[in-house]
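Notes follow once the structure below has been shown.
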Amino acid sequence: MPELPEVENYRRFFERHALDRAVASVACRDRLVVGTLGRADLDRAVAGRAFRSTRRHGKYLFAEAAAGSRRGTDSVWVVFHFGMTGFFESLSAGEPDPPYTRVLFRFRDAGALAFVCPRRFGRVAWIRRPEDLIASKRLGPDPLDPALDSGMLRRALGTRRGAIKAHLLDQTALAGVGNLYADEALFQSGIHPRASAATLRASEWRRLERALDRVLRTAVRTAEAPRRFPRGWLFERRRAGEPCPRCGGRLASAIVGGRTTFFCSRHQRLRRRLKR
DNA sequence: AGCGATGTTCGCCG
DNA sequence: TCGGCGAACATCGC
(Lines give C-alpha, C1' and ligand atoms only; values in the text may rest on other atoms or scores of the structure.)
Protein backbone atom coordinates (compact mmCIF):
# COMPACT_ATOMS: atom_id res chain seq x y z
CA MET A 1 0.00 0.00 0.00
CA PRO A 2 2.54 2.56 -0.99
CA GLU A 3 1.66 6.04 0.10
CA LEU A 4 4.03 8.10 2.21
CA PRO A 5 3.73 6.02 5.42
CA GLU A 6 4.31 2.76 3.61
CA VAL A 7 7.25 4.17 1.65
CA GLU A 8 8.74 5.44 4.91
CA ASN A 9 8.56 1.89 6.20
CA TYR A 10 10.09 0.54 3.00
CA ARG A 11 12.91 3.02 3.62
CA ARG A 12 13.45 1.62 7.09
CA PHE A 13 13.27 -1.90 5.73
CA PHE A 14 15.91 -0.99 3.17
CA GLU A 15 18.14 0.45 5.91
CA ARG A 16 17.81 -2.71 8.00
CA HIS A 17 18.45 -5.11 5.15
CA ALA A 18 20.58 -3.39 2.53
CA LEU A 19 22.66 -0.70 4.21
CA ASP A 20 26.41 -1.31 4.28
CA ARG A 21 26.15 -4.34 2.05
CA ALA A 22 28.22 -4.45 -1.12
CA VAL A 23 26.31 -5.11 -4.32
CA ALA A 24 27.68 -7.92 -6.49
CA SER A 25 25.23 -7.52 -9.36
CA VAL A 26 21.85 -6.13 -10.28
CA ALA A 27 19.41 -8.12 -12.39
CA CYS A 28 16.67 -6.15 -14.16
CA ARG A 29 13.88 -8.50 -15.09
CA ASP A 30 11.43 -6.03 -16.54
CA ARG A 31 12.03 -3.28 -19.05
CA LEU A 32 8.82 -1.49 -18.20
CA VAL A 33 9.79 -1.08 -14.56
CA VAL A 34 13.42 -0.08 -15.06
CA GLY A 35 14.66 3.18 -16.48
CA THR A 36 11.89 5.71 -16.97
CA LEU A 37 12.77 7.61 -13.77
CA GLY A 38 16.42 7.81 -14.75
CA ARG A 39 19.07 5.56 -16.19
CA ALA A 40 18.42 1.89 -16.78
CA ASP A 41 21.90 0.36 -16.62
CA LEU A 42 21.71 -0.44 -12.94
CA ASP A 43 24.21 -3.26 -12.98
CA ARG A 44 26.89 -1.17 -14.61
CA ALA A 45 26.31 1.76 -12.23
CA VAL A 46 25.71 -0.02 -8.93
CA ALA A 47 27.65 -3.30 -8.96
CA GLY A 48 30.79 -2.95 -6.86
CA ARG A 49 29.29 -0.22 -4.70
CA ALA A 50 27.65 -0.44 -1.30
CA PHE A 51 24.48 1.20 -0.06
CA ARG A 52 25.36 3.89 2.46
CA SER A 53 22.29 6.02 3.11
CA THR A 54 18.66 6.49 2.21
CA ARG A 55 16.30 9.34 1.71
CA ARG A 56 12.60 9.66 1.05
CA HIS A 57 10.63 12.45 -0.56
CA GLY A 58 6.91 11.86 -0.82
CA LYS A 59 6.40 8.43 -2.34
CA TYR A 60 9.92 8.24 -3.78
CA LEU A 61 12.73 6.38 -2.03
CA PHE A 62 16.39 7.08 -2.76
CA ALA A 63 19.32 4.84 -1.84
CA GLU A 64 22.89 6.08 -2.07
CA ALA A 65 25.36 3.61 -3.57
CA ALA A 66 28.93 4.68 -2.88
CA ALA A 67 32.14 3.26 -4.24
CA GLY A 68 34.14 3.92 -1.09
CA SER A 69 33.49 3.09 2.51
CA ARG A 70 31.80 6.39 3.26
CA ARG A 71 29.01 8.47 1.84
CA GLY A 72 30.81 10.27 -0.85
CA THR A 73 30.94 12.65 -3.69
CA ASP A 74 31.14 9.88 -6.26
CA SER A 75 27.84 8.32 -5.22
CA VAL A 76 25.04 7.25 -7.47
CA TRP A 77 21.49 7.03 -6.18
CA VAL A 78 18.97 4.33 -6.91
CA VAL A 79 15.44 5.71 -6.99
CA PHE A 80 12.38 3.60 -6.27
CA HIS A 81 8.71 4.30 -6.83
CA PHE A 82 6.37 1.56 -5.70
CA GLY A 83 3.35 2.25 -7.90
CA MET A 84 0.29 0.48 -6.55
CA THR A 85 1.74 -2.87 -5.64
CA GLY A 86 5.49 -2.57 -5.15
CA PHE A 87 7.45 -3.71 -2.09
CA PHE A 88 10.81 -5.13 -1.00
CA GLU A 89 11.78 -8.58 0.12
CA SER A 90 15.09 -9.52 1.66
CA LEU A 91 16.41 -12.91 0.57
CA SER A 92 18.97 -14.99 2.35
CA ALA A 93 21.57 -16.96 0.41
CA GLY A 94 20.00 -19.54 -1.87
CA GLU A 95 16.46 -18.40 -1.22
CA PRO A 96 14.45 -18.32 -4.47
CA ASP A 97 13.15 -15.00 -5.82
CA PRO A 98 9.57 -14.26 -4.88
CA PRO A 99 7.01 -14.16 -7.70
CA TYR A 100 6.88 -10.84 -9.57
CA THR A 101 10.45 -9.90 -8.72
CA ARG A 102 11.28 -7.09 -11.18
CA VAL A 103 14.72 -6.04 -9.95
CA LEU A 104 17.13 -8.11 -7.88
CA PHE A 105 20.11 -6.63 -6.03
CA ARG A 106 22.51 -9.46 -5.24
CA PHE A 107 24.99 -8.80 -2.45
CA ARG A 108 28.53 -10.07 -2.15
CA ASP A 109 27.49 -12.06 0.90
CA ALA A 110 25.11 -14.03 -1.40
CA GLY A 111 21.90 -12.57 0.01
CA ALA A 112 19.71 -10.30 -2.08
CA LEU A 113 17.12 -7.57 -2.01
CA ALA A 114 14.15 -8.03 -4.36
CA PHE A 115 11.99 -5.23 -5.72
CA VAL A 116 8.69 -7.02 -6.18
CA CYS A 117 5.82 -5.49 -8.14
CA PRO A 118 2.99 -7.65 -9.48
CA ARG A 119 1.19 -4.93 -11.42
CA ARG A 120 4.29 -3.31 -12.84
CA PHE A 121 3.40 0.29 -12.05
CA GLY A 122 6.51 0.50 -9.88
CA ARG A 123 9.71 2.11 -11.21
CA VAL A 124 13.42 1.72 -10.48
CA ALA A 125 16.37 3.60 -11.99
CA TRP A 126 19.58 5.30 -11.02
CA ILE A 127 20.30 9.02 -10.94
CA ARG A 128 23.11 11.33 -9.87
CA ARG A 129 21.28 13.19 -7.13
CA PRO A 130 17.86 12.95 -5.50
CA GLU A 131 17.38 16.68 -6.12
CA ASP A 132 17.39 16.03 -9.86
CA LEU A 133 14.39 13.71 -9.63
CA ILE A 134 12.57 15.98 -7.17
CA ALA A 135 13.07 18.87 -9.58
CA SER A 136 12.16 17.01 -12.75
CA LYS A 137 8.95 15.68 -11.18
CA ARG A 138 8.35 19.09 -9.60
CA LEU A 139 7.51 17.43 -6.32
CA GLY A 140 5.98 19.62 -3.66
CA PRO A 141 7.15 19.63 -0.04
CA ASP A 142 7.08 16.42 1.98
CA PRO A 143 4.55 16.82 4.78
CA LEU A 144 6.80 15.05 7.31
CA ASP A 145 9.86 17.17 6.54
CA PRO A 146 10.90 18.42 10.00
CA ALA A 147 11.98 21.73 8.50
CA LEU A 148 8.40 22.60 7.59
CA ASP A 149 6.33 24.65 9.94
CA SER A 150 2.62 24.77 10.55
CA GLY A 151 1.91 27.10 7.66
CA MET A 152 3.22 24.58 5.14
CA LEU A 153 -0.08 23.14 4.07
CA ARG A 154 -1.74 26.45 3.48
CA ARG A 155 1.23 27.76 1.54
CA ALA A 156 1.29 24.62 -0.59
CA LEU A 157 -2.44 24.43 -1.33
CA GLY A 158 -4.07 27.63 -0.20
CA THR A 159 -4.07 29.58 -3.45
CA ARG A 160 -5.77 26.89 -5.44
CA ARG A 161 -9.34 26.64 -6.59
CA GLY A 162 -11.17 23.40 -6.88
CA ALA A 163 -11.63 20.41 -4.62
CA ILE A 164 -9.23 20.28 -1.68
CA LYS A 165 -8.88 16.53 -2.08
CA ALA A 166 -7.64 16.86 -5.67
CA HIS A 167 -4.88 19.16 -4.44
CA LEU A 168 -3.90 16.92 -1.56
CA LEU A 169 -3.37 14.23 -4.20
CA ASP A 170 -1.37 16.52 -6.49
CA GLN A 171 2.24 15.50 -5.93
CA THR A 172 3.49 18.83 -7.30
CA ALA A 173 1.60 20.64 -4.55
CA LEU A 174 2.35 18.26 -1.68
CA ALA A 175 4.36 15.06 -2.09
CA GLY A 176 3.30 11.80 -0.51
CA VAL A 177 -0.43 11.87 0.14
CA GLY A 178 -2.47 9.29 -1.75
CA ASN A 179 -6.11 8.39 -1.95
CA LEU A 180 -6.54 6.68 1.41
CA TYR A 181 -4.71 9.20 3.57
CA ALA A 182 -6.26 12.16 1.77
CA ASP A 183 -9.68 10.81 2.70
CA GLU A 184 -8.51 10.05 6.24
CA ALA A 185 -7.12 13.55 6.88
CA LEU A 186 -10.26 15.23 5.53
CA PHE A 187 -12.44 12.87 7.55
CA GLN A 188 -10.58 13.62 10.76
CA SER A 189 -10.63 17.35 10.19
CA GLY A 190 -14.30 17.41 9.23
CA ILE A 191 -13.74 18.94 5.80
CA HIS A 192 -15.72 17.88 2.74
CA PRO A 193 -13.45 16.48 0.00
CA ARG A 194 -15.06 18.78 -2.56
CA ALA A 195 -14.59 21.93 -0.49
CA SER A 196 -12.68 24.53 -2.49
CA ALA A 197 -9.13 24.98 -1.22
CA ALA A 198 -9.40 28.71 -1.90
CA THR A 199 -12.31 29.11 0.52
CA LEU A 200 -11.02 27.15 3.51
CA ARG A 201 -10.92 29.18 6.71
CA ALA A 202 -7.88 29.58 8.91
CA SER A 203 -9.40 27.24 11.48
CA GLU A 204 -9.93 24.60 8.78
CA TRP A 205 -6.34 24.84 7.59
CA ARG A 206 -5.19 24.36 11.16
CA ARG A 207 -7.44 21.34 11.63
CA LEU A 208 -6.40 19.85 8.31
CA GLU A 209 -2.72 20.31 9.00
CA ARG A 210 -2.96 18.79 12.46
CA ALA A 211 -5.02 15.89 11.12
CA LEU A 212 -2.66 15.23 8.23
CA ASP A 213 0.35 15.23 10.51
CA ARG A 214 -1.35 12.93 13.00
CA VAL A 215 -2.64 10.61 10.29
CA LEU A 216 0.71 10.23 8.56
CA ARG A 217 2.72 9.76 11.75
CA THR A 218 0.25 7.29 13.18
CA ALA A 219 0.17 5.41 9.89
CA VAL A 220 3.97 5.15 9.86
CA ARG A 221 3.83 3.56 13.31
CA THR A 222 0.91 1.35 12.38
CA ALA A 223 2.64 0.08 9.27
CA GLU A 224 5.88 -0.77 11.04
CA ALA A 225 4.27 -3.39 13.28
CA PRO A 226 1.31 -5.58 12.46
CA ARG A 227 -1.23 -3.41 14.17
CA ARG A 228 -4.67 -2.08 13.47
CA PHE A 229 -5.50 1.51 12.70
CA PRO A 230 -7.06 3.35 15.61
CA ARG A 231 -10.76 3.01 16.23
CA GLY A 232 -12.53 6.07 14.97
CA TRP A 233 -10.55 6.14 11.76
CA LEU A 234 -12.20 5.90 8.37
CA PHE A 235 -9.44 3.64 7.11
CA GLU A 236 -10.94 0.20 7.57
CA ARG A 237 -14.53 1.26 6.98
CA ARG A 238 -14.42 2.54 3.47
CA ARG A 239 -17.89 1.46 2.43
CA ALA A 240 -20.88 3.62 1.56
CA GLY A 241 -23.79 3.22 3.92
CA GLU A 242 -21.67 2.19 6.88
CA PRO A 243 -22.13 4.16 10.07
CA CYS A 244 -19.54 6.87 10.66
CA PRO A 245 -17.18 5.77 13.43
CA ARG A 246 -17.05 9.33 14.71
CA CYS A 247 -20.54 10.74 14.70
CA GLY A 248 -22.91 7.96 13.76
CA GLY A 249 -23.75 9.62 10.43
CA ARG A 250 -23.70 7.69 7.18
CA LEU A 251 -20.59 7.20 5.11
CA ALA A 252 -21.02 8.25 1.50
CA SER A 253 -18.93 7.74 -1.61
CA ALA A 254 -18.24 9.93 -4.61
CA ILE A 255 -15.58 10.42 -7.27
CA VAL A 256 -13.39 13.39 -6.36
CA GLY A 257 -10.12 14.20 -8.06
CA GLY A 258 -10.73 11.18 -10.25
CA ARG A 259 -10.56 8.78 -7.31
CA THR A 260 -13.10 6.87 -5.27
CA THR A 261 -13.73 8.93 -2.17
CA PHE A 262 -15.40 8.11 1.12
CA PHE A 263 -16.56 10.72 3.59
CA CYS A 264 -19.17 11.25 6.27
CA SER A 265 -22.30 12.97 5.03
CA ARG A 266 -22.92 14.42 8.48
CA HIS A 267 -19.68 15.78 9.92
CA GLN A 268 -17.98 16.68 6.61
CA ARG A 269 -20.37 19.24 5.21
CA LEU A 270 -19.91 21.39 2.16
CA ARG A 271 -20.21 25.03 3.09
CA ARG A 272 -20.14 26.48 -0.39
CA ARG A 273 -21.13 24.23 -3.22
CA LEU A 274 -18.80 24.20 -6.18
CA LYS A 275 -20.35 24.98 -9.53
CA ARG A 276 -20.65 21.81 -11.46
C1' DA B 1 -16.86 -12.52 -16.57
C1' DG B 2 -16.63 -7.97 -15.04
C1' DC B 3 -15.08 -4.42 -12.21
C1' DG B 4 -12.22 -1.87 -9.26
C1' DA B 5 -7.67 -1.00 -7.24
C1' DT B 6 -3.05 2.41 -2.32
C1' DG B 7 -0.32 5.58 -8.65
C1' DT B 8 1.18 8.49 -12.65
C1' DT B 9 0.70 10.70 -17.04
C1' DC B 10 -1.28 12.53 -21.13
C1' DG B 11 -4.65 14.56 -24.04
C1' DC B 12 -8.90 17.17 -24.55
C1' DC B 13 -12.05 20.70 -23.23
C1' DG B 14 -13.81 24.99 -21.21
C1' DT C 1 -2.63 28.51 -17.01
C1' DC C 2 -5.73 26.16 -14.31
C1' DG C 3 -9.04 22.62 -13.27
C1' DG C 4 -12.04 18.74 -14.48
C1' DC C 5 -12.43 14.52 -16.80
C1' DG C 6 -11.52 10.26 -19.03
C1' DA C 7 -8.35 7.05 -20.66
C1' DA C 8 -4.22 4.49 -20.63
C1' DC C 9 -0.67 1.87 -18.43
C1' DA C 10 -0.62 -3.82 -16.40
C1' DT C 11 -2.33 -7.27 -13.60
C1' DC C 12 -4.58 -9.37 -9.88
C1' DG C 13 -8.32 -10.56 -6.86
C1' DC C 14 -13.04 -10.27 -5.36
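Reminder, nothing fancy here: chain letters follow the sequence lines and each chain counts from 1.
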Checklist entry - Can you check whether His81(A) has a side-chain N or O nearer than 4.0 Å to OP1 or OP2 of dT8(B)? => result yes
Checklist entry - So do the side chains of Leu133(A) and His57(A) get within less than 4.5 Å of each other, counting heavy atoms only? => result no
Checklist entry - To the nearest angstrom, how far is Leu168(A) atom CG from dG7(B) atom P? => result 12 Å
Checklist entry - Just the dot-bracket of DNA chain C, please: which string comes out with Watson-Crick or G-U pairs under 3.5 Å, [ ] for crossing, | for another strand? => result .||||||||.||||
Checklist entry - With a 4.5 Å limit on heavy-atom distance, are the side chains of Val220(A) and Leu216(A) in contact? => result no
Checklist outcome for this item: From CG of Asn9(A) across to C1' of dT6(B) the rounded distance in Å is 14 Å
Next on the checklist: Rounded to whole Å, how long is the line connecting atom NE2 of His167(A) with atom P of dC2(C)?
Outcome noted: 11 Å
Next on the checklist: More than 12 heavy atoms of other residues, nucleotides or ligands under 6.0 Å from CZ of Arg55(A): yes or no?
Outcome noted: yes
Next on the checklist: Is there a side-chain contact between Arg123(A) and the phosphate of dT8(B), meaning an N or O under 4.0 Å from OP1 or OP2?
Outcome noted: no
Checklist outcome for this item: Whole-Å distance, Leu169(A) CG to dT6(B) P, equals 10 Å
Item to check | Whole-Å gap separating C1' (dG7(B)) and CG (Leu4(A)) | outcome: 14 Å
Checklist outcome for this item: When rounded to whole Å, the CG to C1' distance for the pair Leu234(A) and dT6(B) reads 14 Å
Next on the checklist: Is there a side-chain contact between Pro143(A) and Met152(A) in this structure, where contact means two heavy atoms from C-beta onward sitting under 4.5 Å apart?
Outcome noted: yes
Next on the checklist: Within the supplied structure, the quantity of interest is the number of heavy atoms (other residues, nucleotides, ligands) at a distance under 6.0 Å from Arg29(A) CZ; does it exceed 12?
Outcome noted: yes
Checklist entry - dT6(B) C1' sits how many Å from Glu8(A) CD, rounded? => result 17 Å
Next on the checklist: What does the B/S/- profile of nucleotides 9-14 of chain B look like, 5' to 3', with a 4.0 Å heavy-atom cutoff to protein?
Outcome noted: S-----
Next on the checklist: Show every salt bridge (charged side-chain N to carboxylate O under 4.0 Å, His left out) that has at least one partner inside residues 11-20 of chain A, sequence neighbours left out.
Outcome noted: Glu8(A)-Arg11(A), Glu8(A)-Arg12(A), Arg11(A)-Glu15(A), Arg12(A)-Glu224(A), Asp20(A)-Arg52(A)
Item to check | Rounded interatomic separation in angstrom, taking CZ from Phe87(A) and C1' from dG7(B) | outcome: 16 Å
Checklist entry - In the 5'-to-3' direction, what one-character label does each nucleotide of nucleotides 7-14 of chain C receive under the scheme B = base within less than 4.0 Å of a protein heavy atom, S = sugar-phosphate only, - = no such atom? => result --BBBB--
Item to check | Residues in ring-ring contact (aromatic ring centres under 6.0 Å, His included) contact with Phe51(A), at least two apart in sequence or another chain | outcome: Phe14(A), Phe105(A)
Checklist entry - Considering only heavy atoms from C-beta outward, does the side chain of Val76(A) approach that of Arg49(A) to under 4.5 Å? => result yes
Checklist entry - Any side-chain heavy atom of Phe235(A) within less than 4.5 Å of one from Pro245(A)? => result no
Next on the checklist: Taking any heavy-atom pair under 4.0 Å as a contact, classify Gly258(A): base, sugar-phosphate, or nothing.
Outcome noted: nothing
Checklist entry - If you group Ile, Leu, Val, Met, Phe, Trp and Tyr by side-chain heavy-atom gaps below 4.5 Å, do Leu19(A) and Trp77(A) land in one group? => result no
Item to check | Distance-only polar pair, side chains of Gln171(A) and Tyr60(A), donor-acceptor under 3.5 Å | outcome: no
Next on the checklist: According to ring-ring contact (aromatic ring centres under 6.0 Å, His included), who are the partners of Phe187(A), at least two apart in sequence or on a separate chain?
Outcome noted: His267(A)
Next on the checklist: Can you tell me which nucleotide in dT8(B), dG4(C), dA5(B) comes closest to the side chain of Thr260(A)?
Outcome noted: dA5(B)
Item to check | Out of dG7(B), dG3(C), dA5(B), whichever nucleotide has its closest atom nearest the side chain of Arg161(A) | outcome: dG3(C)
